[in-house]
Amino acid sequence: MNTFQIIIDVFLHLDKHLAYWVNILGPWSYALLFAVIFIETGAVILPFLPGDSLLFAAGAISAIPGSDLNHYALILLFWLAAILGDSCNFFLGRTVGLKLVQHPFLGRFIKASNLEEANDFFIKHGPLAIIFSRFLPIIRTLTPFVASVSGFSYKRFVILDIIAATLWTFIAVEAGYYFGSIPFIRDHFSLVIIGILVVTALPAIIAGLRSQMTRQKEKKMQK
């Protein structure tokens, strides 16, 4: 399989891949999970790593009798990883700023359209965008960066970020823990993951389409 097929396979069968690594790493699985969420939120150039689906899958695995994962420990772990990652992202924007986006190599990982969507989202919702974006793939990775570049106060940012991370980790992990053990969910886990990806990405897609339509209208009016 090529790289793209491997990524798709990991996303669709995240429960099996994660269970495999949990069996191999045991308690060290926590370090792996922490790293993935920290990088997904903290590294501006890697917004495509699994977020919501990983929390759900980890919660589901923690419900298996004898599992090395504890769902309460997972909530705390993901909560800490999300906050630290967002803070790292924020200070990256404060110190490096748009130079990162304009970098000849690193800039390839950040689509201008995604950055514009995150910026529009932040402008539209203001401070609450920090909470809302936590539930939106890609946008949640870019929002701390955008907030920082716009001059948003870190003190206000971290307060809102704590609220967002608390809601996100608790809902996603607990949902995986309680629903992941249901036979139907367990047997159709790939469909559940696709559902999570579609539902979480839908608001961003709609916002992007609206933003594009607005720009097209403005261009026509200018002509």
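The structure presented is a predicted model; accordingly, all values stated were derived computationally and were not measured.
Using a 4.5 Å cut-off on side-chain heavy atoms (C-beta onward), I75 and E174 make contact. Taking 4.5 Å as the limit, some side-chain heavy atom of W168 sits within range of a side-chain heavy atom of F135. The shortest distance between side-chain heavy atoms of L55 and I37 falls below 4.5 Å. You'll find the side chain of F78 stays beyond 4.5 Å of the side chain of T41, heavy atoms only. Side-chain contact between L74 and Y177: absent, with no pair of heavy atoms (C-beta onward) separated by less than 4.5 Å.
Annotation: F91 is in aromatic contact with Y154 [ring centroid separation under 6.0 Å]. The aromatic ring centroids of F152 and F157 lie 6.0 Å or more from each other.
The OG1 atom of T166 lies 10.5 Å from the CD1 atom of I171; values are rounded to the nearest 0.5 Å. Atom CG of residue L84 and atom CG of residue N89 lie 12.5 Å apart, to the nearest 0.5 angstrom. Here SG of C88 is found 14.0 Å from CD1 of I83. Values are rounded to the nearest 0.5 Å. Between the CG atom of L33 and the CH2 atom of W28 there is a distance of 13.5 Å, given to the nearest 0.5 Å. Interatomic distance, CZ of F170 versus CH2 of W79, reported as 14.5 Å (0.5 Å rounding).
Checking side-chain atoms of S62 against main-chain N and O of G59 turns up a donor-acceptor pair under 3.5 Å. With hydrogens and angles ignored, the 3.5 Å screen pairs no side-chain donor or acceptor of S148 with any backbone N or O of P144. Not a single donor-acceptor pair under 3.5 Å links the side chain of D68 to the backbone N or O of S29.
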Residues T143, F132; criterion side chain to side chain contact (heavy atoms under 4.5 Å, CB included); working and verdict: CA-CA 10 Å; T143 296; F132 297 152; over 6 Å; no
Side chain to side chain contact (heavy atoms under 4.5 Å, CB included) evaluation trace for R156 with I130: CA-CA 10 Å; R156 292 181 65 195; I130 295 168; over 6 Å; no
From CA spacing to verdict: side chain to side chain contact (heavy atoms under 4.5 Å, CB included), L76, Y30: CA-CA 11 Å; L76 179 60; Y30 288 112; over 6 Å; no
Check against side chain to side chain contact (heavy atoms under 4.5 Å, CB included), R134 and L167: CA-CA 9 Å; R134 172 46 59 182; L167 293 171; over 6 Å; no
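The cluster map of Ile, Leu, Val, Met, Phe, Trp and Tyr, joined by side-chain heavy atoms under 4.5 Å apart, puts V146 and I159 in the same cluster.
The nearest pair of heavy atoms linking S153 to F90 is C-CZ, 4.2 Å. Heavy atoms only, all atoms of each residue included: A58 and L69 are closest at O-CD1, 4.1 Å.
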